[in-house]
Amino acid sequence: MRSIWKGDLSFGLVNVPVKVYSATESHDRKSFQVDSADGTRIRYRRVREGTDTEVEFADIANAYETESGDTVILTKDDLSSLPVQKSPEISILEFVPSDQVDPIYFDKPYYLEPASKSPKAYVLLAKALEETDRLAIASFTLRNRTRMTALRVVDGVMTLQTLLWPDEVRKPDFGFLDEEVTIRDQELQMAASLIETMAADYDPTEFSDTYQEELAKLIEAKSDGSQAFPDVDEEESVDEDSEVADLLAALRASVKDRGGDASTEDSGSAPTSPAKKASAKKAPATKTAATKTAATKTTAKKAPAKKAVAKKSPAKKTAGSTDTPKKAPAKKATRKAS
């Protein structure tokens, strides 16, 4: 990795020399625009509007609109004159509880590496953040733009997470927020049980970018002239406006499918008892157990059919002939009469 910034991380009178690295990278397949007729690449030129005269990149400036609608042109020299803080410091302003910063404010993450010969001050601050379960709110200037950041520890490395400004987070304005939705206690209880059966520790390595994987298959198949994916029958369209007829029944079936306890109290006034929660947690102990439970459903359904055959067999033995069971009572009646 190549560092994009170098300076000091300061808090109080302590300065920790650090290097800043981008913590993420994109693995999306790169594409370029072409003419669909013959594959000729499409090129873009910077030309004056209404003419074919091309403008050099060095001569291009940015234009902004004022509140009154006027256009103001700002050159690169104008932008460089902004009185931004150009001090090479990440200045920690305060330490706040970790749960007070909603993840919706997190923007881009950066790794911090100790830049001094001795990483003691770096490791000390990292351990102190972990022990106190707090985030360091800091001011950071990158590319002539000052940002607010949250400093936290990820796998032993201090990570600088730039934060969105409050006016950059849109406020949700949806009609259902003003409606009173009635939730039955049984439904809430069963939903909690379903959550318990699906509870797990998050491991990002268990998931993969299926879109990129399928896109790669499609690209290779298109190159070879073969078919990437076999034809599959289209699923029946579902009416998006339709609601589940019985939400409780759907939740109960989901819990059973996960191998959990789908029983609920008739009153539904009390939440799931500790005993039930314990059993629900034990159900998803392994994925194999849940798979076996689902796999035996077909066998369970066939069992009643075998029982029906077993009931008919005694009737045949009593009759002692190939007559149907209905004729057997008639023979018994004749013997009594004699």
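The first residue of the sequence shown is numbered 1, and numbering continues consecutively from there. Computed from a predicted model, the values in this text were never measured in an experiment.
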TODO: Could you pull out all residues at least two apart from A115 that satisfy side-chain contact (heavy atoms from CB on, under 4.5 Å)?
DONE: K6, P17, K19
Open item on the list: Under the rule for ring-ring contact (aromatic ring centres under 6.0 Å, His included), what residues qualify as partners of Y122, not counting sequence neighbours?
Closed with: none
Open item on the list: Ring of F32, cation from R43 - is the NZ or CZ under 6.0 Å from the centre and inside 45° of the axis?
Closed with: no
Pair [X], [Y]: side-chain N/O donor-acceptor within cut-off below 3.5 Å:
{"X": "D133", "Y": "S98", "result": "yes"}
{"X": "D77", "Y": "S80", "result": "no"}
{"X": "S208", "Y": "E213", "result": "yes"}
{"X": "R152", "Y": "Q161", "result": "yes"}
{"X": "S10", "Y": "D8", "result": "no"}

Contact summary for [X] and [Y], nearest pair of heavy atoms:
{"X": "A61", "Y": "I73", "answer": "CB-CG2, 3.7 Å"}
{"X": "M198", "Y": "R258", "answer": "CG-NE, 3.6 Å"}
{"X": "W5", "Y": "L142", "answer": "CD1-CD1, 4.0 Å"}

Task: Atom CG of D155: over 12 foreign heavy atoms under 6.0 Å - done: no
TODO: Would you indicate whether I104, at its atom CD1, is surrounded by more than 12 heavy atoms from other residues, nucleotides or ligands within a distance under 6.0 Å?
DONE: no
Between [X] (side chain only) and [Y] (backbone N and O only), is there a donor and an acceptor less than 3.5 Å apart?
{"X": "Q212", "Y": "D209", "answer": "no"}
{"X": "R134", "Y": "F95", "answer": "yes"}
{"X": "S193", "Y": "Q189", "answer": "yes"}
{"X": "S223", "Y": "I219", "answer": "no"}
{"X": "T149", "Y": "A138", "answer": "yes"}
{"X": "E168", "Y": "W165", "answer": "yes"}

TODO: Verify side-chain hydrogen bond (donor to acceptor under 3.5 Å, both in side chains) between D70 and S68, making sure each step is shown before the conclusion.
DONE: CA-CA 6 Å; D70 298 331; S68 61; 3.2 Å; yes
Task: Interatomic spacing from OH in Y21 to CG in L160 - rounded to 0.5 Å - done: 14.0 Å
